[in-house]
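For reference, the structure discussed in these notes is given below.
Each chain gets a letter, A, B and so on, in the order its sequence line appears, and its residues count up from 1.
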Protein chains: 2
Amino acid sequence: MTQDTNKNRQIVLAQRPVGAPDANTLRLETSDKPVAGAGQMLLRTEYLSLDPYMRGRMNDSKSYAEPVAIGAPMVGGTVARVVTSDVEGFSEGDWVLSFNGWQDYAVSDGAGVTNMGTDPAHPSWALGIMGMPGLTAYCGLLEIGAPKAGETVVTAAATGPVGATVGQIAKIKGCRAVGIAGGGEKCAHAVNELGFDACIDRNATDFEAQLAAACPDGIDVYFENVGGAVLAAVLPLLNPFARVPLCGLVSQYNATSLPEGPDRSGAMLGAFLVKKIKVEGFIVWDSFPNHYPRFAKEMTDWIKEGKIKYREQMVEGLEHAPDAFNGLLEGRNFGKLVVKVGAS
Amino acid sequence: MTQDTNKNRQIVLAQRPVGAPDANTLRLETSDKPVAGAGQMLLRTEYLSLDPYMRGRMNDSKSYAEPVAIGAPMVGGTVARVVTSDVEGFSEGDWVLSFNGWQDYAVSDGAGVTNMGTDPAHPSWALGIMGMPGLTAYCGLLEIGAPKAGETVVTAAATGPVGATVGQIAKIKGCRAVGIAGGGEKCAHAVNELGFDACIDRNATDFEAQLAAACPDGIDVYFENVGGAVLAAVLPLLNPFARVPLCGLVSQYNATSLPEGPDRSGAMLGAFLVKKIKVEGFIVWDSFPNHYPRFAKEMTDWIKEGKIKYREQMVEGLEHAPDAFNGLLEGRNFGKLVVKVGAS
């Protein structure tokens, strides 16, 4: 089932999941291709980004943003091409970074759409290393984490698009980079390909001891994107004046109730207090609305110089997006997860 | 029982408390007055500060600093007078800010001792509004909280030396100041004497609803010094990009085990994340070692201008320090708690 020039496939939210999304959560629908009116353009999706934050949008509570309505297509960042345009600055054939969501076609008035030109080198990278995940790593680490040379930076999900970038920037800044990932293959990739000083398998029975051994001078920056057991292992290793940029808690996104006690929230704050730790939550576009140009220049240079490597996992076909998304929440992806939607 | 010119009364840590300190925790001992040697001075305690952090020093775990040893006098900030001096810059009769601890006399080489001159206006204030608690309020609110005019600042322990100062500085900066305190008398004092816009009794059955009503535009800065139920009521009211300076968790200092579940630590982090909140623990002398001169000048001006008011609760006699300290942990004090130790 491939992209059609007349029909629009949409993956819509059929019902709100309780716990992990299942076969009833999303539904593939097909309708006529939409028509762009005056002052609008028609966009055709080439690549759809899958990201953990999307789980929050399935809930009926305001999280980062408004929930997706029942029956509406799932939201999502996309790389698309302009089919027809009555919007200044956009012409037929242009590549764009847009928010088409999980569907083949979308109509836009140009708001929030970035023109990538007619021949971008790696168009799908705008969804990863050159887009939201890369910017999240860059701003969270450098602006909140503020690592100094010689300090130890720890990141979970070390082969994901955020964690991998955090570790590699930490190395550029002269830090010790320690990753945490699920399984030996990912850990080997983090060390051998990405240049982490160490990467610990979070499934190892002696995970906590291995993490402590990999951080002989403690932890100065912990880039938090998973929460749960990983955070519990990190907390005792944090140094005085440690910084904790907090951009995600993927281990908890499918939780249906609070975990069993005891209640550790007070003890966690106590650790923040006595160690004089800063924890700062951030949503990159809200928190750092003006950082993209500087990021784009530095990141482009680092990639050219071979200092930053990037791994994508490309899934072929919009119809496979729901399964791939569940795998993302379970850590089954390996690298930045992108769905190839377009026929071209 | 008053201060003697030959004997040294000491209140020593007899055994580490489990939960609240009791009659077996501290013991009054009397020994000979110590003798200052070459390069030393003998200090006689006039005023002893009682502060919540002292509870942590009774434990056998490193918290802010090393624990007090069994049999050693309790640590504490003091205002004292120089009895004899072989230390440059200190003469007999000078008033000093020192760390004599809970005793009449101490020998010092001058390290960490500040000379207050021969005739300070309010010597005991160096333990409160002009000392550690005042500086804690000033740095925590202005450096971490960074309140903007029109924002809402909430502080617990609103009539304590830190909370009262936080609220009054918030008013100076054009903010809405909302206090939380234990009991109607303290709340009335916060509003009528200190100028808070509102103060909510944390013992009220509808405490959470009253707090929400007092913060119609949400909370932008929450100065955290108590934790527990107060924090739980504050969390849902925090605005996006709120700041939480964290200098104490007095509600938990006597806890012997973690509270019953569920475990709310992940949900708390989740709130920090989606609201893009910054939480930063700090210990004022560690975190802001160079801020005292600027603070002292501004605070002196504010007091002269009548913009900052200060309330002390003076307890007469070193032998009453243990009871007074327990009252502090239970919130029975009203204002900055100081023990008048000296005979003069």
Side-chain angles (χ1 to χ4, degrees), chain A residues 52-53 56 59 61-65 140 143-144 224-232 235 238 240-253 255 257-288, chain B residues 52-53 56 59 61-65 140 143-144 224-232 235 238 240-253 255 257-288:
Chain A
Y53 77 83
N59 292 339
S61 59
K62 186 163 178 172
S63 170
Y64 300 81
E143 299 296 324
I144 299 175
E224 171 65 296
N225 50 16
V226 297
V230 171
L231 173 62
L235 265 184
L238 289 173
F241 297 108
R243 289 81 67 196
V244 181
L246 168 63
C247 78
L249 292 165
V250 71
S251 72
Q252 300 175 38
Y253 290 169
S257 62
L258 294 173
E260 284 188 19
D263 183 0
R264 299 181 186 282
S265 59
M268 187 170 72
L269 286 177
F272 297 162
L273 168 58
V274 300
K275 293 184 180 178
K276 297 153 278 193
I277 288 168
K278 178 174 80 169
V279 177
E280 187 166 348
F282 71 106
I283 311 293
V284 73
W285 299 118
D286 293 351
S287 301
F288 302 102
Chain B
Y53 77 84
N59 292 338
S61 58
K62 185 163 178 171
S63 168
Y64 299 82
E143 298 296 324
I144 299 174
E224 171 64 296
N225 50 16
V226 298
V230 171
L231 174 61
L235 266 183
L238 288 173
F241 296 109
R243 291 80 67 196
V244 181
L246 168 63
C247 78
L249 292 165
V250 71
S251 72
Q252 300 175 39
Y253 290 169
S257 62
L258 295 174
E260 284 187 17
D263 183 359
R264 300 182 186 281
S265 59
M268 187 169 70
L269 286 177
F272 297 161
L273 168 58
V274 298
K275 292 184 180 179
K276 299 152 275 190
I277 288 168
K278 179 175 80 169
V279 177
E280 187 166 348
F282 71 105
I283 312 292
V284 73
W285 299 118
D286 294 351
S287 300
F288 302 102

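Contact detail for A/R264 and B/S265: the closest heavy-atom pair is C-CB, 3.9 Å.
For A/L269, the parts lying near chain B are the backbone and the side chain together; criterion is any non-hydrogen pair under 4.5 Å. For B/L231, the part lying near chain A is the side chain, with the backbone staying farther off; criterion is any non-hydrogen pair under 4.5 Å.
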Check: Step by step, would you call B/L273 with A/I283 a side chain to side chain contact (heavy atoms under 4.5 Å, CB included)?
Finding: CA-CA 8 Å; B/L273 168 58; A/I283 311 293; 4.1 Å; yes

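Between chain B and the options A/V244, A/I277, A/D263, the largest number of non-hydrogen pairs under 4.5 Å is found for A/D263.
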